[in-house]
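Each remark here refers to the structure printed beneath this line.
Both backbone and side-chain heavy atoms feed into the values below; hydrogens, waters and symmetry mates do not.
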Amino acid sequence: MRPLLYTVYTVLGALALFPIALVGLVHALTAPAPATVKAPEDLPVTRFTLTPSGGVNVQGWFMPGAPERGGVLLLHGVRANRLAMIARMRFLNEAGYSVAAIDFRAHGESTGDKITFGQEESADAAAALSFMREKLPGRKIAVIGQSLGGAAALLGQGPITADAFVLESVYPDIDRAIDDRLTAPFGPLGHLVTPALLVVGRTMTGLDPAFLRPIDRIEKLRAPVFVISGVRDPNTHIDEARELFARAPEPKAFWAVEGVGHEDIYFRTNAEYRERILGFFGEHL
């Protein structure tokens, strides 16, 4: 009889702790990721501040390029900041492009009280593109969005009005994004937790899963798009990336990067990344 009671008490205890664990997980996923962000001394950036919706201050860097070239807006991934984009800033600027990089709200040196996986960061992306349009009137501007950055470029009032898009490791919808991140460590048990986590997350933060669907917004693009994803990415499975790509209108290109997971693809591929990105921009900017 006692083993049965222990089992019952264990199950009841787990059930009682489950809501607390969900609340803690939502806090961990949406908590701000502040950091001191300092440019290398040899990187001649100009700092700027944006004030998009939500009463936040968004910090960024700008580097001018050749007068005949367009510009590239760089949007980092979740829990990163514009430091993650320095290597891209260098090779793009060396190729003549003007470049800008921002810290999304609740990241780096920008203000903000929570991470929203693109729902509110979309306003930051739109404000940064407007800044680039003012700095480079009449010139074409592309965006490279990594993970969260790519989602932010697609969400909001619609995709931002860039002239070309590079979308790296972008989730198709928040349901699968959460499910992938839970099943990777917990296996099939993760499938059971995902629906509850989404409900608790919406109650606590106002995040709307129906809104967080880049796969629906990519259909609205009116500019060339280059979708890139790692074949071994556990957070955005390669078949999900292919599905996202399938919904994009032409002209479009796809690169399934062998041996790479949910990480900075540039640092795993270097010369090939530079060649492919500059080739894409050379054709479309």
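Leu197 contributes atom CG, which lies 9.5 Å from atom CD1 of Ile174 (distance to the nearest 0.5 angstrom). Note: Leu207 CG to Leu198 CG = 9.5 Å, rounded to the nearest 0.5 Å. Atoms CZ and CD1, from Phe245 and Ile215 in turn, are 12.5 Å apart once rounded to the nearest 0.5 Å. With values rounded to the nearest 0.5 angstrom, Leu154 atom CG is found 10.5 Å from Asp216 atom CG. To the nearest 0.5 Å, atoms CD1 (Ile218) and CG (Leu167) are separated by 5.5 Å. Atom CG of Asp233 and atom OH of Tyr171 lie 14.0 Å apart (nearest 0.5 Å).
The shortest distance between side-chain heavy atoms of Val257 and Thr269 falls below 4.5 Å. Looking at heavy atoms from C-beta onward, Leu25 lies in side-chain contact with Leu182 at the 4.5 angstrom threshold. Put simply, the side chain of Val260 does not reach to within 4.5 Å of the side chain of Arg232, judged on heavy atoms. You'll find the side chain of Leu75 stays beyond 4.5 Å of the side chain of Ile144, heavy atoms only. Contact annotation: the side chain of Pro224 never approaches that of Lys252 to less than 4.5 Å [non-hydrogen atoms, C-beta and beyond]. Side-chain contact check for Asn235 versus Ser169: every heavy-atom pair is 4.5 Å or farther apart. Between Leu92 and Leu74, some side-chain heavy-atom pair lies under the 4.5 Å cut-off. Annotation: side chain of Ile141 is not in contact with side chain of Thr161 (no heavy-atom distance under 4.5 Å).
Checking side-chain atoms of Glu263 against main-chain N and O of Gly261 turns up a donor-acceptor pair under 3.5 Å. Between the Arg217 side chain and the Gly156 main chain, a donor and an acceptor come within less than 3.5 Å of each other. Between the side chain of Thr203 and the backbone N or O of Val199, at least one donor-acceptor pair lies under 3.5 Å. With Lys114 contributing its side chain and Pro32 its backbone, the two residues share no donor-acceptor pair below 3.5 Å.
Residue pairs meeting the side chain to side chain donor-acceptor pair (under 3.5 Å) criterion with at least one partner in residues 118-131, sequence neighbours excluded, are Arg105-Asp124, Thr116-Glu121. Listed by first then second residue, pairs satisfying salt bridge (Lys or Arg N to Asp or Glu O under 4.0 Å) with a partner in residues 180-197 number zero, not counting sequence neighbours. Among pairs with a residue in residues 48-58, those fulfilling side chain to side chain donor-acceptor pair (under 3.5 Å) read Thr49-Gln59, at least two apart in sequence or across chains. Sorted pairs that involve residues 134-145 and meet side chain to side chain donor-acceptor pair (under 3.5 Å), not counting sequence neighbours, are lacking altogether. Listed by first then second residue, pairs satisfying side chain to side chain donor-acceptor pair (under 3.5 Å) with a partner in residues 65-84 read Arg69-Tyr97, Arg82-Asp103, Arg82-Glu109, not counting sequence neighbours. Judged as a salt bridge (Lys or Arg N to Asp or Glu O under 4.0 Å), the pairs with a partner in residues 154-171 (not counting sequence neighbours) are, in order, Arg88-Glu168, Arg133-Asp163.
Hydrophobic clustering (side-chain heavy atoms under 4.5 Å, transitive across Ile, Leu, Val, Met, Phe, Trp, Tyr) groups Leu212 together with Val200. Following chains of ILVMFWY side-chain contacts shorter than 4.5 Å, one can reach Leu244 starting from Leu221, so the two form part of one hydrophobic cluster. At a threshold of 4.5 Å between side-chain heavy atoms, the hydrophobic network of Ile, Leu, Val, Met, Phe, Trp and Tyr places Ile160 and Val99 in two separate groups. Under the 4.5 Å side-chain heavy-atom criterion for grouping Ile, Leu, Val, Met, Phe, Trp and Tyr, Tyr266 is connected to Leu43 within one hydrophobic cluster. The hydrophobic clustering, which links ILVMFWY residues whose side-chain heavy atoms are closer than 4.5 Å, places Leu129 and Met89 apart.
Environment of CZ in Arg47: crowded, with over 12 heavy atoms of neighbouring residues, nucleotides or ligands closer than 6.0 Å. No more than 12 heavy atoms of other residues, nucleotides or ligands lie within 6.0 Å of CD in Glu275, so this atom counts as exposed by the packing criterion. Counting non-hydrogen atoms of other residues, nucleotides and ligands closer than 6.0 Å to CD of Glu250 gives a total above 12.
Scanning all heavy atoms of the two residues, the minimum distance from Gly150 to Val170 falls at CA-CG2, 3.7 Å. Of all heavy-atom pairs between Val143 and Ala162, the closest is CG1-CB, 4.0 Å. Of all heavy-atom pairs between Met63 and Val45, the closest is CG-CG1, 3.5 Å. Annotation for Leu83 and Lys38: closest pair CD2-O, 3.5 Å, computed over non-hydrogen atoms. Nearest approach of Ile86 to Pro40, heavy atoms of both residues: CD1-CD, 3.5 Å. Pairing each heavy atom of Leu285 with each of Ala164, the nearest pair is CD2-CB, 4.2 Å.
In this structure Arg176 satisfies the salt bridge (Lys or Arg N to Asp or Glu O under 4.0 Å) test together with Asp173, Glu243, sequence neighbours excluded. Remark: Arg90 pairs with Asp42 by the salt bridge (Lys or Arg N to Asp or Glu O under 4.0 Å) rule, at least two apart or across chains. Every residue two or more places apart in sequence or in another chain was checked for a ring pair (Phe, Tyr, Trp, His ring centres under 6.0 Å) with Phe211, and none qualifies. In this structure Glu258 satisfies the salt bridge (Lys or Arg N to Asp or Glu O under 4.0 Å) test with no other residue, sequence neighbours excluded. Phe48 pairs by the ring pair (Phe, Tyr, Trp, His ring centres under 6.0 Å) definition with Phe131, not counting sequence neighbours. Scored by the side-chain contact (heavy atoms from CB on, under 4.5 Å) test, Phe226 finds Val166, Ile228, Ala253, Trp255, Arg276, Ile277, Phe280 as partners (sequence neighbours excluded).
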CA sep, side-chain torsions, deciding dist, call: Asp264, Gln146, side-chain contact (heavy atoms from CB on, under 4.5 Å): CA-CA 8 Å; Asp264 193 320; Gln146 186 182 48; 3.5 Å; yes

Chi angles and distances behind the side-chain contact (heavy atoms from CB on, under 4.5 Å) call for Phe267, Tyr273: CA-CA 9 Å; Phe267 288 107; Tyr273 181 98; over 6 Å; no

Derivation of the side-chain contact (heavy atoms from CB on, under 4.5 Å) call for Phe62 and Ser98: CA-CA 8 Å; Phe62 176 77; Ser98 298; 4.1 Å; yes

Derivation and outcome, side-chain contact (heavy atoms from CB on, under 4.5 Å), residues Trp61 and Thr46: CA-CA 5 Å; Trp61 289 329; Thr46 300; over 6 Å; no

